[in-house]
Number of protein chains: 2
Amino acid sequence: MPKNPQPELAPVDRAILRLLAADGRMPNNAIAEAVGIAPSTCLSRIRALRERGVIRGFHADVDPAALGLGIQAMIAVRLHAHTRGAIEAFTAEVPSLPGVLAAYHLAGGDDYLLHIAVPDTDALRDFVLEHLTAHPAVAHTETSLIFAHLRTTPWS
Amino acid sequence: MPKNPQPELAPVDRAILRLLAADGRMPNNAIAEAVGIAPSTCLSRIRALRERGVIRGFHADVDPAALGLGIQAMIAVRLHAHTRGAIEAFTAEVPSLPGVLAAYHLAGGDDYLLHIAVPDTDALRDFVLEHLTAHPAVAHTETSLIFAHLRTTPWS
DNA sequence: GTTGAAATGATCCCGGC
DNA sequence: GCCGGGATCATTTCAAC
């Protein structure tokens, strides 16, 4: 029985991930102390986690409302043709659409969910009309306002 | 004409946010140099952004698949009663459900979207049956597998 | 993989503007 | 507000295990 190519994550690595998911700017030596290893060891483990892609990056969580984007919505999108080309073309354009926070490519009845942030409802309408319904690959959209958005880190 | 209580974000603050959204571990002095201010000034501006809630936090972006959660899904949930009590009760429980990455409380036909990560399809079925359909407030659910998940930072 | 120790580099407070 | 300088603290390298 060959060894797992993606070996079990060591408990100490999980502890590091838990801390960094909670506070991405926690100093390396504080993490080292919290998990019980030397700072130099901790540094090399964090580097390895980044290189292996376990940690994909570190990001500030910015409140969109503070930037004048006070309204968030989720837009379900159905495309006309489910060809690889149409999907790839749409996928390629999505990140450049203004106000898109996230895009989910789904396997269900809808093809995409777009999570967007806009200044006001006029901008929301304009977004849908200009970038979605006017798009040749888009067959149908359905927009829902987002009242609240909770993020959690299940492994922390 | 009174001054805006949430005054326009200074261009230098926007530049700082753009950098920290892209790399949450960028050193303060590197940010200071990039935006053209002194490190001490930069530090105080970042602190002010945190205290004002513009920056809500810093987090490592961890790949769920690396933790054994190789399947992601979006589950649309409708509740029976749209009373404040039912919604608040459900909202309170959602963050403690295993594998929940995010919950969106919507204004549309569905009440919630749950973004979850699980090890396999068995765990997905168990999640829906144990935590959603068995819940007294839940009227209906609809699960879609997530093929891809793109995150963007529109202001960067 | 882990470590301690030493050099480099960053944070952060404060006095002055 | 913004800055400079200096004390404190963190990161990073490296030789040794």
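Residue numbers begin at 1 in each chain, while the letters A, B, ... track the order of the sequences.
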**Report entry** A:His135 side chain to A:Glu93 side chain, donor-acceptor N/O pair below 3.5 angstrom
**Finding:**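 Indeed, the side chains of A:His135 and A:Glu93 share at least one donor-acceptor pair under 3.5 Å.
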
Report task. Mark yes or no for whether B:Asp110, through its side chain, and B:Tyr112, through its backbone, hold a donor-acceptor pair below 3.5 Å. Result ->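 Flag not set: sc B:Asp110 to bb B:Tyr112 has no pair under 3.5 Å.
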
Considering non-hydrogen atoms only, spot the tightest contact between [X] and [Y] and give its length.
X        : Y       : value
A:Ser44  : A:Thr41 : OG-O, 2.9 Å
B:Trp155 : B:Ala21 : NE1-CB, 3.8 Å
B:Leu20  : B:Ile46 : CD1-CD1, 4.1 Å

Query - Close approaches to DNA chain C from residues 37-47 of chain A, in residue order (heavy atom, under 4.0 Å) - result: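 The stretch gives A:Ile37, A:Ala38, A:Ser40, A:Thr41, A:Arg45 as the residues lying under 4.0 Å from the strand, ordered by number.
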
Query - Nucleic acid contacts of residues 14-25 of chain B, taken as heavy-atom distances under 4.0 Å to DNA chain C - result: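 Contacts with DNA chain C under 4.0 Å: none.
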
Requested in this report: Report the C-alpha separation of A:Tyr104 and A:His115 in whole Å, then their side-chain angles, then the decisive distance to 0.1 Å, and conclude whether the ring-ring contact (aromatic ring centres under 6.0 Å, His included) test is met.
Outcome: CA-CA 8 Å; A:Tyr104 299 89; A:His115 177 194; 7.8 Å; no

Less than 4.5 Å apart, any side-chain heavy atom of [X] and any of [Y]?
X        : Y        : answer
B:Arg52  : B:Asp13  : yes
A:Leu145 : B:Leu106 : no
A:Leu114 : A:Leu132 : yes

Report task. Take the protein atom CG of A:Asn29 and the nucleotide atom P of C:dA10, then report the distance between them rounded to whole Å. Result ->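 Whole-Å distance recorded here is 15 Å.
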
Report task. Mind calculating the distance between CD1 (B:Ile31) and C1' (C:dT11) to the nearest angstrom? Result ->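 Taking CD1 of B:Ile31 and C1' of C:dT11, I get 12 Å after rounding.
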
Requested in this report: Run the salt-bridge test on A:Asp111 and A:Arg78 with the 4.0 Å N-O cut-off and return the result as yes or no.
Outcome: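 Salt bridge flag = no for A:Arg78 with A:Asp111.
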
Query - Terminal contacting nucleotides, 5' and 3', DNA chain D versus chain A (heavy atom, 4.0 Å) - result: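 Range of nucleotides within reach of chain A: D:dA10 to D:dT13.
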
